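Report on the structure given below.
The sequence lines fix the lettering, A, B, ..., with proteins before strands; numbering per chain opens at 1. What you see is a predicted model; the values in this text were computed from it and never measured.
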Amino acid sequence: MAQEEIRAELARVAATLGAPASVVVELETPREKSHGDLATNLAMALAKPLRSSPREIAARLVSGLRFRPGLVEATEIAGPGFINFRLGAAQLVETVHAVLAAGREYGRARADPPLRVNVEFVSANPTGPLHVAHGRGAAVGDCVASLLEWSGHAVTREFYVNDTGIQVRLLAESLWARIQQRVGREAAIPEEGYHGGYLAELAGRLLAERGAALADEEPATGVKICRAFAVSALRGEQQEDLARFRVNIDVYFDESRLYAERRVEAAIASLEARRVLFEQDGALWLRTTAFGDDKDRVLRKSDGSFTYFLPDIAYHEDKAGRGFDRAIDVWGADHHGYVPRMRAAMAALGHGPAFFAALIVQLVTVLRHGEEVRMSKRAGEFISLRELVDEVGVDAARYFFLMRRSDSPFVFDVDLATSRTDENPVFYVQMAHARMSGIFRVGGLGPASVAADGVDVAALSDPSEVELIKVLGRFPLVVRRAAEALEPQRVTAYLEELARAAHYWYHRCRVLGEPRALERARLALARATQVVLANGLGLLGISAPERM
RNA sequence: GCCCCUGUAGCUCAGCGUGGAUAGAGCAGCGGUUUCCUAAACCGUGUGUCGGGUGUUCGAGUCACCCCAGGGGCACCA
């Protein structure tokens, strides 16, 4: 692509001027059209290390640049030292060619070096159905994973299952109480337990499976049976919900495995070897303050039991042990205070700062008919992911969850998500794709039959098509930036911009029935636009409909 | 009390990590054009204390510090 060629040439010339390797060559698309198609602030970034004025350096850079014919039409130095590039007209056709040649692969990149990345998300306790906030985490985690795949990395999608501990015990006791109630006995659900109606339903299923005699078991035995049944049933439901939400988890990692494989002891031993543990007041502490945390943390309490922090450390150490170069966790907002200590623990174990990253997913509130739908898990009333998907569909749900930064609270407007107007961004983007498809349908042409060969450059001269092609050309850069920043909302923002350019072009330029050369050129552009829209939507896990 | 997040146009938000050219988009509003491969689109229209202040810098929405407002977190809980 033109961007990569220009970037490489800038880097080459900068090196001949003695630029340090630490200065990264970045190209951007200027807001102001008169500033050209691409611009770099490289000369300004080099001003300090080269001890010269930005404009002087810019002049030396420009005089050294050698581009192949047709790539760059004009280069100019502007403002405080920007170098602006105006691409040659042939670049437009090259973009169309590149899109059509790469097809479904357009926008994918090769990583250097490719990394093994573990993206852990949702990780809900197996204590109930997934709710809307899990849905947001699922969409974000899945899309971040896809972005990294598109950038050439090897990604594993992972879900951590808390199958031990107090929450699961309370779940089992709550189900046991429901069993007792079913057979007409007085039984109270533990105060801190699970009061949702789904447990009453589970109790019915369990009784049907095991017979009424189950209720006469010793409580200890009964609770144990309840526990196994509930965890398995609820986990199964969560998996179904995720599958329906088009999320495919590669690895479900059970917390119990950490104990079975003695990973917890191994983690203590590793920390011990690094001399970052100390004992105080009968407890075992990790000196996280030596790694940026604001206080030290207990790993093993004075009563001998572990805090939750320790298995979490063991779990992340296990990820490293499985060969992952990066561990990216998608956590709910209530865990954000946990980030510094986990980062500190990873540093204490000798992992570099790039190993661990946490994405915080903020709360979701649901708006229906202009009113907030209140959610409270404790009272057993909340909107499940399933209900939301039933109401708005997978496409709208995923798109909405992805269109804002994950760390800012999100108001999900159900009415907007289901509206068939251009105010609804997912409708607007999908409609652009459907319109491109419509051209081929009406023309009786297979989209795949369109080739860029023989396309007459000069034919695509309307400003709307020049603009559309430039937007198409930016897609690979957008994907790369979104992957680096772990920010899916950059892709939705881009798709809206692309859809806008496509709708604009569609209304301004007819395709079918134009003179032959022009029709061919425009068919190629329609196909290229369709491909990029489909690729972008596919990256987000959203369908690209042929008609709507 | 300490920590984190948020604060940008009437509304919803980009932009902040890597400071850079007159701070952007969508929606809503106002004025106009058109009704054609999909169900409306297009053109024009913005006097924003970038929450406030101080500082660093040739240059700050972006970095540092302080303050204000809203939300979240704080444990030998999970």
Item to complete: Using the C1' atom on both, measure rG53(B) against rG61(B) and round to a whole Å.
Response: 15 Å
Discussion item. I need the CG-P distance between Leu498(A) and rG26(B), as an integer number of Å.
Written reply: 15 Å
Quick test: give all pairs of protein nitrogen or oxygen and nucleotides 74-76 of chain B nitrogen or oxygen below 3.5 Å, distance rounded to 0.1 Å.
| residue | atom | partner | partner atom | Å |
| --- | --- | --- | --- | --- |
| rA75(B) | OP1 | Arg297(A) | NH1 | 2.8 |
| rA75(B) | OP2 | Arg341(A) | NH2 | 3.4 |
| rC76(B) | O2 | Ser302(A) | N | 2.8 |
| rC76(B) | O2 | Ser302(A) | OG | 2.9 |
| rC76(B) | N3 | Ser302(A) | OG | 3.4 |
| rC76(B) | N4 | Asp281(A) | O | 3.1 |

Fill in: Close aromatic pair by centroid cut-off 6.0 Å: Tyr160(A) and Tyr252(A)
no
Practice prompt. Just jot down the salt bridge (Lys or Arg N to Asp or Glu O under 4.0 Å) partners of Arg441(A), sequence neighbours excluded, or say none.
Written response: none
Distances under 3.5 Å between nitrogen or oxygen atoms of protein and nucleotides 43-45 of chain B:
| residue | atom | partner | partner atom | Å |
| --- | --- | --- | --- | --- |
| rC43(B) | OP1 | Tyr504(A) | OH | 3.4 |

Worksheet entry | Heavy-atom donor-acceptor pair, Ser174(A) side chain to Tyr194(A) backbone, under 3.5 Å | yes
Worksheet item: Which pairs with one or both residues in residues 505-526 of chain A pass ring-ring contact (aromatic ring centres under 6.0 Å, His included), sequence neighbours excluded?
Response: none
Response to the item:
Quick note, Val511(A) side chain, CB onward, closest among rA40(B), rC37(B), rU12(B) is rC37(B)
Practice prompt. Name the nucleic acid region contacted by Ala78(A), choosing base, sugar-phosphate or nothing; use a 4.0 angstrom heavy-atom cut-off, strictly under.
Written response: base
Discussion item. Between rG15(B) and rC63(B), how far apart are the two C1' atoms, rounded to whole Å?
Written reply: 16 Å
Discussion item. Quick check for you: to the nearest 0.5 Å, what is the distance between Leu498(A) atom CG and His503(A) atom NE2?
Written reply: 9.5 Å
Worksheet, complete the sentence: Residues pairing under ring-ring contact (aromatic ring centres under 6.0 Å, His included) where one sits in residues 468-502 of chain A, two or more places apart or in two chains, turn out to be Phe475(A)-Tyr494(A)
Item to complete: Determine whether the aromatic ring centres of Phe159(A) and Phe253(A) lie less than 6.0 Å apart.
Response: no
Practice prompt. Verify, without hydrogens or angle tests, whether His153(A) (side chain) and Leu115(A) (backbone) share a donor-acceptor contact under 3.5 angstrom.
Written response: yes
Item to complete: Nearest whole angstrom, please: distance from the P of rU38(B) to the CZ of Phe427(A).
Response: 13 Å
Worksheet entry | Residues in contact with RNA chain B, drawn from residues 431-443 of chain A - heavy-atom cutoff 4.0 Å | Met431(A), Ala434(A), Arg435(A), Gly438(A), Ile439(A), Arg441(A), Val442(A)
Worksheet item: NA contact type, Glu546(A), heavy-atom cut-off 4.0 Å: base, sugar-phosphate, or nothing?
Response: base
Practice prompt. To the nearest Å, give me how far apart CD (Glu496(A)) and P (rU12(B)) are.
Written response: 17 Å
Practice prompt. To the nearest Å, give me how far apart OH (Tyr315(A)) and P (rA78(B)) are.
Written response: 19 Å
Worksheet item: What do you reckon, are the aromatic ring centroids of His316(A) and Phe355(A) less than 6.0 Å apart?
Response: no
Discussion item. Give me the distance, rounded to whole Å, that separates rA40(B) from rC36(B) when you measure between the P atoms they each carry.
Written reply: 14 Å
Discussion item. Say we look at rC42(B) and rU22(B): how far apart would their P atoms be, to the nearest angstrom?
Written reply: 29 Å
Practice prompt. Would you verify whether the NZ or CZ of Arg527(A) falls within 45 degrees of the ring axis of Phe440(A) while also being under 6.0 Å from that six-membered ring's centre?
Written response: no
Worksheet entry | Residues in side-chain hydrogen bond (donor to acceptor under 3.5 Å, both in side chains) contact with Tyr338(A), at least two apart in sequence or another chain | Asp312(A)
Discussion item. Counting C-beta onward and ignoring hydrogens, is there a side-chain heavy-atom pair between Val62(A) and Ile77(A) closer than 4.5 Å?
Written reply: yes
Worksheet entry | Separation between the P atoms of rC77(B) and rG7(B), rounded to whole Å | 35 Å
Discussion item. Does Glu317(A) form a side-chain hydrogen bond (donor to acceptor under 3.5 Å, both in side chains) with His351(A)? I'd like the steps, not just the answer.
Written reply: CA-CA 9 Å; Glu317(A) 187 65 353; His351(A) 299 298; 2.9 Å; yes
Practice prompt. Decide yes or no for Ile57(A) and Leu61(A): does some side-chain heavy atom of the first lie under 4.5 Å from some side-chain heavy atom of the second?
Written response: yes
Worksheet, complete the sentence: Rounded to whole Å, the CG-P distance (Leu46(A) to rG20(B)) equals 16 Å
Worksheet item: Is atom CZ of Arg508(A) surrounded by more than 12 heavy atoms (other residues, nucleotides or ligands) closer than 6.0 Å?
Response: yes
Practice prompt. Look at the side chain of Arg522(A) and the backbone N and O of Arg510(A), then say whether any donor-acceptor pair between them is shorter than 3.5 Å.
Written response: yes
Item to complete: Remember a base hit wins even if backbone is also touched, and classify His335(A) as base, sugar-phosphate or nothing at under 4.0 Å, heavy atoms.
Response: base
Discussion item. Could you tell me how far apart Ile57(A) (CD1) and rG20(B) (C1') are, to the nearest whole angstrom?
Written reply: 14 Å
Practice prompt. Dump the intermediate steps for salt bridge (charged side-chain N to carboxylate O under 4.0 Å, His left out) on Arg500(A) and Glu496(A), then the final yes or no.
Written response: CA-CA 6 Å; Arg500(A) 204 173 307 129; Glu496(A) 284 164 46; 5.0 Å; no
Worksheet item: Glu484(A) has a side chain; which of rC37(B), rU18(B), rA21(B) sits nearest to it?
Response: rU18(B)
Discussion item. Could you tell me how far rA69(B) sits from rG52(B) if I compare only their P atoms? Round to whole Å.
Written reply: 15 Å
Worksheet item: Can you name the residues that form a side-chain hydrogen bond (donor to acceptor under 3.5 Å, both in side chains) with Tyr259(A), not counting sequence neighbours?
Response: Glu255(A)
Worksheet item: Would you say Phe82(A) stacks on rG20(B), if stacking means ring centres under 5.5 Å apart and planes within less than 30 degrees?
Response: no
Discussion item. My understanding is that only residues two or more places apart in sequence, or in another chain, count here; which of them pass salt bridge (Lys or Arg N to Asp or Glu O under 4.0 Å) with Arg263(A)?
Written reply: Glu261(A), Asp318(A)
Worksheet item: If we take the P atom in both rC5(B) and rC65(B), what is their distance in whole Å?
Response: 12 Å
Worksheet item: What parts of residues 164-173 of chain A reach RNA chain B, counting only heavy atoms under 4.0 Å away?
Response: Ile166(A), Gln167(A)
Worksheet item: Is any N or O donor-acceptor pair between the side chain of Asn84(A) and the base of rA21(B) shorter than 3.5 Å?
Response: yes
Worksheet item: Where the side chain of Asn424(A) meets the backbone of Val426(A), is there a donor-acceptor pair that is under 3.5 Å apart?
Response: yes
Worksheet item: Taking both distances under 3.5 Å as the test for a Watson-Crick or G-U pair, what stems of at least three pairs does RNA chain B have?
Response: B:1-7 with B:68-74, B:10-13 with B:24-27, B:29-33 with B:41-45, B:51-55 with B:63-67
Discussion item. Could you tell me how far apart Leu416(A) (CG) and rG26(B) (P) are, to the nearest whole angstrom?
Written reply: 16 Å
Item to complete: Would you mind building the protein contact string for nucleotides 3-8 of chain B? One character per nucleotide, 5' to 3', B for base within reach (heavy atoms under 4.0 Å), S for sugar-phosphate only, - for untouched.
Response: -BS---
Item to complete: Using a heavy-atom cut-off of under 4.0 Å over every strand shown, decide if Ala526(A) touches base, sugar-phosphate, or nothing.
Response: nothing
Worksheet item: Say you pick atom P in rA39(B) and the same atom in rU47(B); how far apart are they, in whole Å?
Response: 35 Å
Worksheet item: Could you give the CG-to-P distance, from Asp413(A) to rC11(B), as a whole number of Å?
Response: 17 Å
Discussion item. Tell me whether Asn84(A) contacts the main-chain N or O of Ala39(A) through its side chain, where contact means a donor paired with an acceptor under 3.5 Å.
Written reply: no
